[in-house]
Amino acid sequence: MRSIALILTNLLAVLVLTIYAQEAHDKTHQAQKEGAILVVNLTHDRGISAEMALTFANISLGRGYETVVWLNSEGVRLADAKAKETQAIKLLREFLSKGGKVYVCPVCAQKLKVEKIASGTQWANPDIIFPLITQDKAKIVSW
């Protein structure tokens with residue numbers, strides 16, 4: 001009987017420690033998420049670079065991080081309202097449908113003759129982009 005009580009006591013201790021460790025882990029991840037902003041700087045409109053960047057953005061958003069996609073250089077073609085459907089454009093739409101923000105460089109768009117941008121995307125300007133990328137809580141990844 002004593003060995004059963006000892007086993008049950010040890011099991012209870014392991015259970016309590018496991019619950020405590022999980023709560024600590026969850027609190028750490030929540031603290032990391034709060035206030036952190038991930039900016040995905042996307043300069044390509046096709047191929048693996050565009051697809052991987054947008055897959056990464058979708059995963060980040062799905063994990064609770066505030067995530068912004070900044071389309072510039074050739075990346076602005078992804079926001080072209082007249083663009084043909086590609087896997088990257090599907091991923092961009094998925095990102096927007098989940099509440100992600102997509103900013104489009106108007107200078108790049110003008111040079112590439114992108115006149116109208118897709119629903120849900122927004123024209124960027126220095127008053128949006130500079131405060132976004134220069135804040136301490138911003139992390140920027142580029143493709």
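On a predicted model such as this, the values are computed, not experimentally measured, just so you know.
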Charged N-O contact under 4.0 Å between Lys98 and Glu94:
yes
Out of curiosity, Lys84 NZ to Ile89 CD1, how far, rounded to the nearest 0.5 Å?
11.0 Å
Under the salt bridge (Lys or Arg N to Asp or Glu O under 4.0 Å) rule, collect the residues that match up with Glu115, sequence neighbours excluded.
none
Any side-chain heavy-atom pair of Thr67 and Phe95 under 4.5 Å:
yes
Rounded to the nearest 0.5 Å, how far apart are NZ of Lys90 and OG of Ser97?
14.0 Å
Name all residues meeting the side-chain contact (heavy atoms from CB on, under 4.5 Å) criterion together with Ala53; count only those two or more places apart in sequence or in a different chain, and write none if there are none.
Val40, Leu42, Trp143
Within-4.5 Å side-chain heavy-atom neighbours: Ile140 and Trp70
no
Given the rule that I, L, V, M, F, W and Y join up when any side-chain heavy atoms are under 4.5 Å apart, are Val39 and Leu92 in one cluster?
no
For Ala50 and His44, which heavy atoms make the closest approach, and how far apart are they?
CB-O, 3.8 Å
Identify, with sequence neighbours excluded, every residue that meets salt bridge (Lys or Arg N to Asp or Glu O under 4.0 Å) alongside Glu74.
none
d(Leu54 CG, Leu61 CG) to nearest 0.5 Å is 11.5 Å
Quick one, Lys113 and Lys82 - any side-chain contact, counting heavy atoms below 4.5 Å?
no
Can you name the residues that form a side chain to side chain donor-acceptor pair (under 3.5 Å) with Thr55, not counting sequence neighbours?
none
Quick one: CG on Leu91 to CG on Leu78, what's the gap to the nearest 0.5 Å?
9.5 Å
Considering residues, nucleotides and ligands other than Gln110, do more than 12 of their heavy atoms fall under 6.0 Å from its CD?
no
For residues 123-133, which side-chain N or O atoms pair as donor and acceptor with protein atoms under 3.5 Å away, sequence neighbours left out?
residue : atom : partner : partner atom : Å
Asn125  : OD1  : Asp127  : N            : 2.7
Asn125  : OD1  : Ile128  : N            : 3.1

Using the test side chain to side chain donor-acceptor pair (under 3.5 Å), find all partners of Asn41 that sit at least two apart in sequence or belong to another chain.
Asn72, Ser142
Could you grab the distance from atom CD1 of Ile37 to atom NZ of Lys101, nearest 0.5 Å is fine?
7.5 Å
Would you give the length of the straight line joining atom CZ of Arg77 to atom CG of Leu71, rounded to the nearest 0.5 angstrom?
12.0 Å
Are Tyr65 and Val69 co-members of a hydrophobic cluster defined by side-chain heavy atoms under 4.5 Å apart?
no
